[in-house]
Amino acid sequence: MSWFNPFKHSDNQSAPASSENNTVPRFNYFNATGNILISSVCPPNQPLPEAVQSTFNQGAAFVASAMRAVSTTINPVTNQPYSIFNHFALSRVLAGSGHFTKLSEQSLTLPNTVFSNADHCQLFSSLFNINFSSACIPFAQALTTQFAQHANEMAARSHPTELKTAHLVLCCEYISGLACVSVVLISLNNEQHRVHLAKRPCLNNQHRLPDWTIEKEHFLYQLA
């Protein structure tokens with residue numbers, strides 16, 4: 001079994017996505033849920049070194065435990081478990097783990113059209129600076145719809161811990177003989193985008209709305 005098999009979507013038989021501004025070809029794949037992004041110079045049928053696989057597995061184990069921690073912790077605002085899209089909860093998990101150092105934070109301005117396109121290729125390509133085809137991200141429509149639904153619900157509650165909706169992506173890179181694991185946290189200010197969310201533009205490209213402001217935080221994962 002190759003290193004890529006656990007991450008390969010059964011319906012995705014297309015060529016891998018390509019990174020922009022890169023002279024060395026990279027193979028980029030998401031797992032089936034869009035929570036793990038693999039980027040490597042090695043083709044999927046070429047085994048990675050065992051040490052690299054071990055590093056990636058540690059990162060994947062963290063994602064699983066982080067999502068479990070968020071989804072089993074009661075949110076006092078709703079008396080229900082926190083949403084896995086709650087930025088407050090995800091940030092607390094990252095900070096509480098002691099394994100993450102924040103490297104950067106940037107603000108992206110994206111037109112409404114990138115959310116309303118059915119395949120969401122432009123959206124994910126803009127967020128990760130990688131040219132994705134729809135076959136590479138079959139989860140995109142369902143994930144974006146879920147994200148918008150949770151953001152709309154949190155915006156209606158108007159509580160400080162419900163201020164932002166976020167999606168956590170573990171990025172596992174094997175470039176130039178080095179393994180690097182990091183986390184990208186993509187977030188949206190619910191209050192700022194209340195009008196956008198109420199109209200659910202990700203489901204209808206007929207709406208003419210202002211641009212979206214997306215925050216992108218990057219954390220380096222430090223192994224134990």
Side-chain angles (χ1 to χ4, degrees), residues 3-4 7-9 12 14-44 48 52 55-56 59-60 63 85 87 90-91 94 100-144 146-148 151 164-189 193 196 201-202 210-221:
W3 65 266
F4 174 63
F7 301 97
K8 188 171 183 179
H9 190 281
N12 182 3
S14 67
S18 61
S19 299
E20 296 178 358
N21 303 321
N22 242 327
T23 55
V24 179
R26 291 193 191 185
F27 298 87
N28 302 289
Y29 299 93
F30 272 104
N31 70 334
T33 61
N35 286 110
I36 301 176
L37 174 62
I38 302 290
S39 181
S40 173
V41 295
C42 296
L48 289 175
V52 175
T55 299
F56 286 3
V63 168
F85 295 104
H87 181 274
L90 291 171
S91 295
L94 290 175
F100 289 90
T101 300
K102 190 170 185 177
L103 298 178
S104 64
E105 181 175 350
Q106 65 181 126
S107 181
L108 305 176
T109 301
L110 301 179
N112 187 59
T113 53
V114 305
F115 286 87
S116 56
N117 290 341
D119 58 12
H120 302 307
C121 290
Q122 188 180 354
L123 171 60
F124 280 81
S125 296
S126 298
L127 291 175
F128 294 96
N129 198 32
I130 296 173
N131 292 321
F132 288 110
S133 69
S134 58
C136 294
I137 50 173
F139 58 84
Q141 185 172 8
L143 175 61
T144 308
Q146 271 193 312
F147 187 97
K164 292 182 180 181
T165 307
H167 177 58
L168 184 151
V169 177
L170 181 81
C171 300
C172 299
E173 297 179 278
Y174 180 56
I175 311 295
S176 302
L178 298 175
C180 178
V181 177
S182 61
V183 159
V184 171
L185 201 57
I186 307 292
S187 62
L188 179 78
N189 186 306
H193 295 86
H196 294 68
C202 66
D211 293 341
W212 295 70
T213 300
I214 306 295
E215 301 298 327
K216 184 178 178 181
E217 299 168 86
H218 198 180
F219 301 83
L220 179 65
Y221 180 54

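Contact detail for Val181 and Leu220: the closest heavy-atom pair is O-CD1, 3.7 Å. For the pair Cys136 and Phe132, the tightest heavy-atom approach, listed with the atom from each and the gap, is CB-CD2, 4.0 Å. The two residues Thr213 and Ser107 have their closest heavy-atom pair at CG2-OG, 3.2 Å. Considering every non-hydrogen atom in both Tyr174 and Cys42, the closest pair reads CE2-SG, 3.7 Å. The two residues Cys171 and Val184 come nearest to each other via the heavy atoms SG-CG2, 3.8 Å. Scanning all heavy atoms of the two residues, the minimum distance from Ile137 to Cys121 falls at CD1-CA, 3.9 Å.
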I would like to know whether Phe85 and Leu143 meet side chain to side chain contact (heavy atoms under 4.5 Å, CB included); could you show each step before the answer? CA-CA 10 Å; Phe85 295 104; Leu143 175 61; 3.7 Å; yes
Applying side chain to side chain contact (heavy atoms under 4.5 Å, CB included) to Tyr221 and Leu170, what does each step give before you reach the verdict? CA-CA 9 Å; Tyr221 180 54; Leu170 181 81; 5.5 Å; no
Begin from the C-alpha positions of Ile175 and Ser39 and carry the test side chain to side chain contact (heavy atoms under 4.5 Å, CB included) through to its verdict. CA-CA 8 Å; Ile175 311 295; Ser39 181; 4.3 Å; yes
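Using a distance-only test at 3.5 Å, with no hydrogens or angles considered, no donor-acceptor pair links the side chain of Lys102 to the main chain of Glu217.
Neither side chain, Ser125 nor Asn131, offers a donor N or O lying under 3.5 Å from an acceptor on the other.
Taking CZ of Phe147 as the reference point, atom OG of Ser187 lies at 7.0 Å (rounded to 0.5 Å). Phe139 CZ to Thr144 OG1: the interatomic distance, rounded to the nearest 0.5 Å, is 8.5 Å. One distance of note links CG of Leu48 with CZ of Phe56; it measures 6.0 Å at 0.5 Å rounding. Rounding to the nearest 0.5 angstrom, the gap separating the CZ atom in Phe219 from the OG atom in Ser91 is 6.0 Å. Rounded to the nearest 0.5 Å, atoms NE2 (His87) and CD (Glu215) are 8.5 Å apart. In this structure, Leu90 CG and Leu168 CG are separated by 5.5 Å, a value rounded to the nearest 0.5 Å.
Of the residues Leu108, Leu110, Ile214, the one that meets the side-chain contact (heavy atoms from CB on, under 4.5 Å) test with Ser126 is Leu110. Here the rule is side-chain contact (heavy atoms from CB on, under 4.5 Å) with Val63, and of Asn35, Thr33, Asn31 only Asn35 fits it.
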